[in-house]
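All figures in this text were calculated on a predicted structure; none of them were measured in a lab. Sequence positions, counted from 1, serve as the residue numbers for this chain.
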Amino acid sequence: MLEGLLFISKDLLYSLDTIKFTEDERNYVTSILKKVIDVSLVELEQERMTG
């Protein structure tokens, strides 16, 4: 799952850099990216705890 989340994050970051968004669209993509990062951190913590 973590690899998929990282792939999504990479694509979102790339799109912010290459596609012309309105400010609202950019804010929406950024909010999604923040949520993906939060979930990734939870996944990493769970993997760390289960070893």
Side-chain angles (χ1 to χ4, degrees):
M1 180 170 171
L2 187 57
E3 286 180 19
L5 292 171
L6 293 173
F7 185 77
I8 291 168
S9 296
K10 179 183 70 95
D11 283 350
L12 286 171
L13 286 170
Y14 181 76
S15 69
L16 283 175
D17 192 41
T18 59
I19 299 172
K20 292 185 179 183
F21 288 110
T22 66
E23 189 66 27
D24 287 341
E25 291 168 332
R26 182 175 284 280
N27 290 340
Y28 177 74
V29 171
T30 302
S31 72
I32 297 297
L33 183 56
K34 287 178 183 178
K35 290 175 185 175
V36 169
I37 290 170
D38 288 343
V39 172
S40 298
L41 290 173
V42 169
E43 286 292 315
L44 281 171
E45 182 64 21
Q46 286 178 351
E47 285 184 18
R48 186 185 67 82
M49 293 180 77
T50 59

Participant: Do Met49 and Val39 share a hydrophobic cluster (ILVMFWY, side-chain heavy atoms under 4.5 Å, transitive)?
Facilitator: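 No; tracing contacts between hydrophobic side chains, which count when under 4.5 Å, never links both residues.
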
Participant: Name all residues meeting the side chain to side chain contact (heavy atoms under 4.5 Å, CB included) criterion together with Val29; count only those two or more places apart in sequence or in a different chain, and write none if there are none.
Facilitator: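 For Val29, the residues satisfying side chain to side chain contact (heavy atoms under 4.5 Å, CB included) (neighbours in sequence not counted) are Leu12, Ser15, Leu16, Phe21.
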
Participant: Among Ile8, Asp11, Leu13, Asp38, which residue satisfies the side chain to side chain contact (heavy atoms under 4.5 Å, CB included) criterion with Leu33?
Facilitator: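 Answer after filtering Ile8, Asp11, Leu13, Asp38: Leu13.
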
Participant: Quick one: are Tyr28 and Glu25 in side-chain contact, heavy atoms under 4.5 Å?
Facilitator: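 Result no, sub-4.5 Å side-chain heavy-atom pair not found.
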
Participant: Which distance, rounded to the nearest 0.5 Å, do you find between the CD1 of Ile37 and the CG of Leu6?
Facilitator: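 CG of Leu6 is found 9.5 Å from CD1 of Ile37.
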
Participant: If you round to the nearest 0.5 Å, how far is CG of Leu5 from NZ of Lys35?
Facilitator: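 Going from the NZ atom of Lys35 to the CG atom of Leu5 covers 14.0 Å.
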
Participant: Please round to the nearest 0.5 Å and tell me the distance separating atom CG of Leu44 and atom CD of Gln46.
Facilitator: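 Output value for this atom pair is 10.0 Å.
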
Participant: At what distance, to the nearest 0.5 angstrom, does CZ of Arg48 lie from CG of Leu41?
Facilitator: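 Taking CZ in Arg48 and CG in Leu41, the distance rounds to 12.0 Å.
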
Participant: For Glu45, is the CD atom crowded, meaning more than 12 foreign heavy atoms sit under 6.0 Å from it?
Facilitator: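 Enclosed.
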
